[in-house]
Amino acid sequence: MNATTTIEPAQSGSQAARRRVHAQIPDDKAMLRAAAELTRDINVARPEIYWPDMLCSALIGYGLLAAAILLDNVPLAVACGVLAVFPLYRALLFIHELTHLHRDALPGFRTAWNLLVGIPLLTPSLMYENVHTLHHSRTRYGTVEDPEYKALALMKPWTLPLFVLVAALAPIGLLLRWGVIAPLGLVIPSLRRAAWERFSSLSINPVFRRRPPEEKERGWFLFQQIGASLWAMFLLSTPFWLGWKPLLVAIAVTSAVATFNQLRTLVAHLWENEGDAMTVTAQYLDSVNVHTKIGALWAPVGLRYHALHHLLPSLPYHSLPVAHERLSAKLGPTSTYEEASHPGLVVLVMRIARGTMGRRG
């Protein structure tokens with residue numbers, strides 16, 4: 001298996017030289033040491049930021065969604081539906097923060113998020129908890145055991161549009177997962193096991209199979225499963241007494257949210273590793289920082305600093321911009337740190353698309 005990948009550094013200030021790196025490129029110890037030392041004073045999650053951000057995003061999103069459903073003026077309803085996508089998308093992406101926060105860091109936040117966002121959007125945190133952390137495992141990242149990695153840049157050209165478009169069907173899939181499969185799983189054990197292994201995680205690796213939950217997690221996960229199942233069954237009942245409009249509008253809006261998230265996922269990494277275990281620095285260089293202001297729109301809650309996040313997974317999202325400024329100033333424009341910086345969404349999509357069109361060895 002070829003462990004060699006090509007990393008094209010960002011052009012920031014002076015243009016960095018193109019170089020080739022392999023999965024076992026030696027770790028840049030100066031960068032790793034600086035990342036740890038320069039962020040010790042900003043590694044605490046601040047409730048005065050987390051709570052208002054999540055609550056306002058959710059409330060604004062639901063308000064706009066309700067307007068899109070209730071308004072008879074079609075252009076205005078469509079405008080509200082489009083605008084609802086962005087706050088709901090932001091609220092949903094707090095699921096990423098939940099997986100990295102210590103359980104005692106923000107008392108009540110995990111439960112509140114599930115009740116206000118995760119269960120209503122049929123994406124409870126169990127779908128990311130103990131799954132996303134595998135993606136950050138030193139020995140699993142980029143391998144067949146990584147639930148969130150697929151060498152997309154090395155696949156066929158048609159896989160990229162399919163990868164994005166399939167996300168549009170996510171709301172329907174979630175309705176079926178929680179509203180149909182979950183109740184049937186109560187009486188069909190084999191279906192229940194299959195649903196847990198294959199349809200209970202936000203993963204893109206088709207061979208990933210989720211392990212049974214540990215004893216200490218079962219009660220918490222059961223609470224989320226019951227909530228999601230009851231809500232999904234309620235939603236499936238609404239066409240019979242509310243008509244189809246509320247459900248179809250909600251599906252359209254959440255489909256757009258899922259598609260945005262899939263686009264963000266597409267450019268979170270360069271997807272050039274062929275399955276070999278990678279050093280921390282190699283993982284960093286295979287990940288992406290996009291620190292332009294518009295990046296906050298399509299990669300909110302700190303996810304535009306995804307490479308930096310892989311260096312410091314437990315750093316709260318509100319501290320990532322400060323950490324980036326400190327590291328850039330300390331290490332300079334020709335450092336390994338700057339090689340993970342990329343211009344933006346379109347450039348990254350085109351880079352990955354070119355990779356799919358390259359010749360296979």
Side-chain angles (χ1 to χ4, degrees), residues 54-72 77-78 80-95 98 108-129 167-189 191-196 198-202 213 217-261:
M54 186 272 288
L55 291 173
C56 288
S57 297
L59 292 175
I60 293 171
Y62 289 140
L64 289 167
L65 177 59
I69 293 171
L70 297 173
L71 287 172
D72 293 325
V78 170
C80 288
V82 171
L83 291 174
V85 170
F86 298 98
L88 288 177
Y89 177 42
R90 184 176 185 88
L92 182 65
L93 284 185
F94 274 92
I95 193 173
L98 293 181
F109 189 83
R110 195 178 308 269
T111 302
W113 182 88
N114 274 284
L115 291 173
L116 292 173
V117 181
I119 290 173
L121 295 183
L122 299 180
T123 313
S125 63
L126 71 88
M127 301 188 78
Y128 224 39
E129 291 179 284
L169 300 175
I172 297 174
L174 290 170
L175 278 169
L176 294 175
R177 165 64 182 94
W178 298 114
V180 178
I181 295 176
L184 288 176
L186 293 175
V187 294
I188 308 175
L191 179 61
R192 182 168 66 248
R193 286 193 298 271
W196 178 260
R198 305 188 63 178
F199 308 124
S200 297
S201 58
L202 298 177
E217 302 162 331
R218 289 178 183 172
W220 170 235
F221 286 174
L222 180 61
F223 160 74
Q224 295 178 51
Q225 292 178 81
I226 292 173
S229 184
L230 291 175
W231 181 247
M233 288 189 287
F234 167 78
L235 291 175
L236 289 171
S237 76
T238 56
F240 298 102
W241 51 283
L242 285 177
W244 282 96
K245 182 183 176 182
L247 183 61
L248 291 179
V249 171
I251 287 175
V253 170
T254 52
S255 175
V257 169
T259 302
F260 254 106
N261 187 56

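Hydrogens, waters and symmetry mates are skipped; everything else that's a heavy atom, side chains included, is used.
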Approximate separation, where rounding is to 0.5 Å, of Leu174 CG and Met127 CE: 5.5 Å
Trp113 vs Leu55, side chain to side chain contact (heavy atoms under 4.5 Å, CB included): CA-CA, chis, key distance, verdict: CA-CA 8 Å; Trp113 182 88; Leu55 291 173; over 6 Å; no
Ser125 side, atom OG; Phe221 side, atom CZ - distance, nearest 0.5 Å: 7.0 Å
Atom of Tyr62, atom of Val117 and distance for their closest heavy-atom approach: OH-CA, 3.6 Å
Contacts of Arg177 that satisfy salt bridge (Lys or Arg N to Asp or Glu O under 4.0 Å) - sequence neighbours left out: none
Any side-chain heavy-atom pair of Trp196 and Leu126 under 4.5 Å: yes
Approximate separation, where rounding is to 0.5 Å, of Phe109 CZ and Leu116 CG: 9.5 Å
Separation between CD of Gln224 and OG1 of Thr123, rounded to the nearest 0.5 Å: 11.0 Å
Test item: Val180 and Leu236 side chains (from C-beta on) under 4.5 Å apart, heavy atoms: yes
Interatomic spacing from CG in Leu247 to CG in Leu175 - rounded to 0.5 Å: 6.0 Å
Closest contact, heavy atoms only, Leu184 versus Leu191: CB-CD2, 3.6 Å
Side-chain heavy-atom pair Leu230, Ile226 within 4.5 angstrom cut-off: yes
Neighbour count >12 (heavy atoms, 6.0 Å) for atom CZ, Phe240: no
Heavy-atom donor-acceptor pair, Thr238 side chain to Leu235 backbone, under 3.5 Å: yes
Within-4.5 Å side-chain heavy-atom neighbours: Asn261 and Leu202: no
Ile181 versus Ala195, closest heavy-atom pair with distance: CG2-CB, 3.7 Å
Distance in Å, Leu115 CG paired with Trp231 CH2, rounded so as to fall on 0.5 Å steps: 12.0 Å
Under 3.5 Å: donor-acceptor pair, side chain of Thr111, backbone of Gly108: no
Pairwise side-chain contact, Phe223 with Pro124, heavy-atom cut-off 4.5 Å (strictly under): no
Any donor-acceptor N/O pair, Thr259 side chain to Ala167 backbone, under 3.5 Å: no
Nearest non-hydrogen partners of Val253 and Ala84, listed with the distance: CG1-CB, 4.2 Å
For the student: nearest non-hydrogen atoms of Ala168 and Ser255, plus distance: O-OG, 2.8 Å
Minimum heavy-atom distance Ala58-Leu88, with the two atoms named: O-CD2, 4.3 Å
Heavy-atom side-chain proximity of Gln225 to Trp178 below 4.5 angstrom: yes
Of Val249, Leu242, Leu248, the residue whose pairing with Lys245 passes side-chain contact (heavy atoms from CB on, under 4.5 Å): Val249
Aromatic ring pairing Tyr89/Phe260, orientation class (parallel under 30°, perpendicular over 60°, tilted between): tilted
